[in-house]
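Heads up, the thing below is written out as structure tokens.
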Amino acid sequence: MKKIDEEYNKYICSPNRKLYSGGVNGEIISCIGVEIHNSRDGVIKHIKERGSGMGSSMIRFICKEHNLNSISAETDKDAVLFYANFGFRITSLGEKYPGVERFLCELDLR
């Protein structure tokens, strides 16, 4: 719980970080957290949706809301296909942690 609180505080305290949620019938079913660099480059810090299919919609919203030139995310093997299907360029970062391959996902929007 402490790690969650620390991450949430980063969104509250940093003007470069934005946290958005989406819901149905008053229930939050998705969220996306983004950090904006150089005013026009976004980094997805967190994305979660409970099988709602809203992940792609949230990324499109972030890109339009902040008029981004590019957006990127670092992820694991479980989510890399989601980003690839959206059109992100995928680069393996190798094993950043023992036994865990990580991927850099980048999308140029210009």
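Index from 1, following the sequence.
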Please walk me through it: do Glu95 and Val100 pass side chain to side chain contact (heavy atoms under 4.5 Å, CB included)? CA-CA 5 Å; Glu95 264 188 40; Val100 180; 5.9 Å; no
Spacing of [X] atom [atom1] and [Y] atom [atom2] [to the nearest 0.5 Å]:
X	Y	atom1	atom2	answer
Ser70	Leu68	OG	CG	7.0 Å
Lys45	Ser72	NZ	OG	8.5 Å
Met54	Arg60	CE	CZ	10.5 Å
Asn85	Leu81	CG	CG	4.5 Å
Asn16	Glu35	CG	CD	6.5 Å
Ile62	Ile44	CD1	CD1	8.0 Å

Counting C-beta onward and ignoring hydrogens, is there a side-chain heavy-atom pair between [X] and [Y] closer than 4.5 Å?
X	Y	value
Lys18	Glu65	no
Glu7	Arg17	yes
Asn67	Arg40	yes
Ile90	Cys105	yes
Tyr83	Leu107	no

Spell out, as yes or no, whether a donor-acceptor pair under 3.5 Å connects the side chain of Asp76 to the backbone of Ala79. yes
Has the side chain of Asn25 got a donor or acceptor atom that lies under 3.5 Å from a matching backbone atom of Glu27? no
For Tyr20, does the OH atom sit with more than 12 other heavy atoms under 6.0 Å from it, leaving out its own atoms?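 Above 12, so yes.
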Taking atom types as modelled, is there a side-chain donor on Glu101 or Ser92 under 3.5 Å from an acceptor on the other?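 Looking only at side-chain atoms, Ser92 and Glu101 do form a donor-acceptor pair, the distance falling under 3.5 Å.
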Verify the cluster assignment for [X] and [Y]: are they in a single hydrophobic cluster under the rule of side-chain heavy atoms below 4.5 Å apart?
X	Y	answer
Val43	Ile71	no
Phe103	Phe86	yes
Ile32	Ile36	yes
Ile47	Val34	yes
Leu109	Leu104	no

Identify the heavy atoms of [X] and [Y] that sit nearest to each other, and give their distance.
X	Y	result
Met58	Cys31	CE-O, 3.5 Å
Phe82	Gly55	CZ-C, 3.7 Å
Gly33	Tyr11	CA-OH, 3.2 Å

Does a side-chain N-to-carboxylate-O contact under 4.0 Å join Glu6 and Lys3? no
Could Glu74 and Lys96 be called an ion pair, given the rule that one side-chain N must be under 4.0 Å from one carboxylate O? yes
